[in-house]
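Quick notes on the structure that follows.
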Amino acid sequence: MTTRGKELQPGLLPRFTLWRALIYIVLIAFAVFYLMPVYVLIITGLKSFAEVNLYRMWDLPKGFYLDSFAKAWLGSQAEGFRGLSGNFFNSVKLTVPATILSAMLGSINGYVLAKWKFRGSNVIFPLLLFGMFIPYQSILIPLVVVLGKIPWFGGSLYGTIPGLILAHVVYGIPITTLIFRNYYAGIPTELVEASRIDGANIFSIYRHILFPLSMPGFVVVMIWQFTSIWNDFLFAVTVIGDPQVQPITVGLNNLAGSYIVQWNVQMAGALVAALPTLAVYIFLGRYFMRGMLAGSLKG
Amino acid sequence: MRRVTWERVTSVLLLTPSVLAIAVFVYGFIGFTGFTSLTKWNELLPDFTFVGLRNYQSIFANLRFQYDLRNTVLFTVLFLIGCLVIGLLLAFLLDQRIRAEGFFRGIFLFPMAISFIVTGVAWRWLLNPGSAEMGSSGINLLFDKVGLGFLKWGWFTDPTIWYITPESGAGQFLKEIGLGGLTTSSIGISLAMTSVVLAATWQMSGYTMAMYLAGLRAIPDELREAARVDGASEWQVLRHIMLPMLQPITLSAVIILGHTSLKIYDLVVAMTGTGPGFATDVPAYFMWDITFLGNRFAQGAAVAMVLLILVAVLIIPYLAYSIRTEAEV
């Protein structure tokens, strides 16, 4: 255990000792702790309604029943509660455009702040960054007032998905700008200078040099924004009151807060709400990490 | 001084929409909230009559807000300790050339991908204590099964607040030295809050682990080797080489976790609500309730400004420090 390397080579693994056994035991214990809620979510979601019993919560299901998922998804007219399917698609309609718009804005801002610094740009940057740390409670009241004043198809943006998209795009500017600025700072400025000598301008440099190199940056930013917008509750519950329009986090909270909904249906609903971001995490975990570490400024 | 070219003008123009948006939606809105907090707008229709700091007086006099501040302090302290200790421990263990490191890392980190609402729903049922008539449920049931039944308790349903009562010896003493004001349930420890801390730590400790692991990997091997050659033990290497070098990471983690904990809202909504006797209530919850359910906009704005000031005290020095160290590199 005194040697160490970045790459693990089987032949170089340290000898198995009591100390190392202890390490694995602790790691496995923690893994069990982290997986415990997921275990309960899954086994409860898979139980039949006859089996569901709070006092037999840890028992494995006797078969493979999808009744709870069906009920969480479709709702039940007889029992009088709505399913999450509508909320799920509201979240899709919210998250996809907001994520794309955020990433585009962030890329442009990051490009300017990394490669076209002007006098005052290093004052503007921290002023932008402050926006990602504020408690959003301090802007909620004017946000509701202003969204209520922006006309939108005969009504106002308040209570609509586009209103919520606007909020997420604006408050996403700091983090997306930060990630892209740091990303572009890593691309040699000589590349930009050389193409300027060749006659390229601010737009063609972006289009032909920076943008083609931007894919990893876009992946990181889009994963970050997708996850935070999908998971957001505060903006959604404040801006949208109509249950037909609410995103899934609000829908799930209503479902879980209702006394007529069985708890296995709530658990199945929670799993449905978590699935898209979990899928992103499982398939693109490496980029997810990078976005997270960028959130701590040091990325 | 560089020449002004159309490109320099364009570069500024490209940034303008975002700068304007932040100027209005962040700074303008904060200004509006600050202004609202000084007015009489405590009913549905706006009334911008200036009343000075009266709204701040009424929220600080409000017992619920006092409890919220009490709960936030406890939450922040325990949550920070939990995440830092677990994060550092896991990072250190994962750095010991572990088989299936990626597998463990993936498991420790996945809660970060999940919404606080999902976490809240799951943990609400896990920590549901059950009832005397029907028996235990959730973790309490698990305790029963493995023979640790004595660990069972009410979790977030327990209304107990530990505080110094005026009648107790310590309370009498405080009264004598003129600190009788400390003997109140507004200054104490809400046991129910620890359940929320548990769920929040479950969600965020992997993040601290990832930060520390990145930090450990950035420490050159030569440094540790040199220390070992000089006869330092593993513990000394950790204590005198690694920990000091991880200090900037600890600072970042404290800032990130600290401002998260001051703003915590969704988790409490989904998991416990305000709890028995506001035992798990937090300022963000109070703000939303009085503003959007109670229509006391000016008081809600005052709570929001208090939250903002708390966060700003934490964030502004950190931002200044980050930007300065970055400029030096």
Side-chain angles (χ1 to χ4, degrees), chain A residues 1-2 4 8 13-14 23 26-27 30-31 34-35 37 40-41 54-55 57-58 105 108-109 112 116 118 124 126 128-131 133-135 137-139 141-143 170 173 201-202 227 231 233-234 238 249 252-253 256 263 266 270 273-274 277-278 281 285 288-289 292-293 296-298, chain B residues 7-8 10-12 14-15 18-19 21-22 25-26 29-30 32-33 36 90 93 96-97 104 106-108 110 112-115 117-118 121-122 125-126 134-135 137-138 141-142 207 210-211 214 221 228 252 256 259 263 265-266 269-270 284 287 291 297 301 304 307-308 311 315 319 322-323:
Chain A
M1 86 196 180
T2 54
R4 172 178 173 278
L8 274 188
L13 272 178
I23 292 179
V26 175
L27 286 175
F30 270 99
Y34 285 102
L35 287 176
V40 174
L41 283 179
L54 201 50
Y55 308 96
M57 168 163 167
W58 301 93
L105 262 184
I108 294 166
N109 295 341
V112 173
W116 292 87
F118 51 88
I124 288 179
L128 286 183
L129 282 192
F130 183 62
F133 293 107
I134 58 164
Q137 282 76 18
S138 63
I139 52 89
I141 296 171
L143 181 68
V170 170
I173 288 174
N201 64 36
I202 185 168
T227 311
N231 289 342
F233 177 74
L234 183 62
T238 308
T249 46
L252 173 63
N253 188 53
W263 72 289
Q266 301 180 13
T277 50
L278 270 185
Y281 175 74
F288 183 88
M289 273 268 287
M292 262 179 28
L293 294 176
S296 66
L297 286 188
K298 295 287 180 192
Chain B
E7 283 182 304
R8 302 216 67 77
T10 311
S11 70
V12 176
L14 283 175
L15 210 55
S18 296
V19 170
I22 294 295
F25 279 75
V26 173
F29 279 14
I30 287 174
F32 183 93
T33 304
T36 302
L90 292 179
L93 293 182
Q96 302 296 312
R97 300 177 22 88
F104 281 116
I107 289 176
F108 299 156
F110 87 88
M112 274 297 290
I114 291 176
S115 116
I117 299 290
V118 172
V121 171
W125 290 109
L126 280 172
M134 301 288 289
S137 74
L141 178 62
L142 207 58
Y207 181 53
M211 288 175 76
D221 285 338
R228 289 190 188 110
S252 291
I256 303 279
H259 97 281
K263 299 195 287 196
Y265 172 68
D266 340 16
V269 170
M287 183 273 166
T291 310
F297 289 88
L307 269 179
L308 179 71
V311 170
I315 290 298
L319 270 183
S322 291
I323 302 283

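Here is the naming used below: chain letters follow the sequence lines, and residue numbers restart at 1 for every chain.
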**OP:** Please flag which part of Ala214(B) lies under 4.5 Å from any non-hydrogen atom of chain A: side chain, backbone, both or neither.
**Re:** side chain
Original post:
In terms of heavy-atom proximity below 4.5 Å to chain B, should Ile173(A) be classed as side chain, backbone, both, or neither?
Top reply: side chain
Original post:
For Ile107(B), is it the side chain, the backbone, both or neither that has a heavy atom under 4.5 Å from a heavy atom of chain A?
Top reply: both
Original post:
What part of Tyr265(B) lies closer than 4.5 angstrom to a heavy atom of chain A: side chain, backbone, both or neither?
Top reply: side chain
Subject >> Where Asn231(A) and Ile114(B) come nearest, the two heavy atoms and their spacing >> reply: ND2-C, 3.5 Å
Original post:
Do the side chain of Thr227(A) and the main chain of Ala113(B) share a donor and acceptor less than 3.5 angstrom apart?
Top reply: no
Original post:
At a heavy-atom separation under 4.5 Å, does Phe288(A) approach chain B through its side chain, its backbone, both, or neither?
Top reply: side chain
Subject >> Minimum side-chain heavy-atom gap Ser115(B)-Asp266(B) below 4.5 Å >> reply: no
Original post:
For Ala256(A), does its backbone N or O pair with a side-chain atom of Trp263(A) as donor and acceptor, under 3.5 Å?
Top reply: no
Subject >> Tyr281(A) side chain to Gly106(B) backbone, donor-acceptor under 3.5 Å >> reply: yes
**OP:** Below 4.5 Å from any heavy atom of chain A, which atoms of Thr291(B) appear? Answer side chain, backbone, both or neither.
**Re:** side chain
**OP:** Measure distances from Phe110(B) to the heavy atoms of chain A and classify the residue's part below 4.5 Å as side chain, backbone, both or neither.
**Re:** both
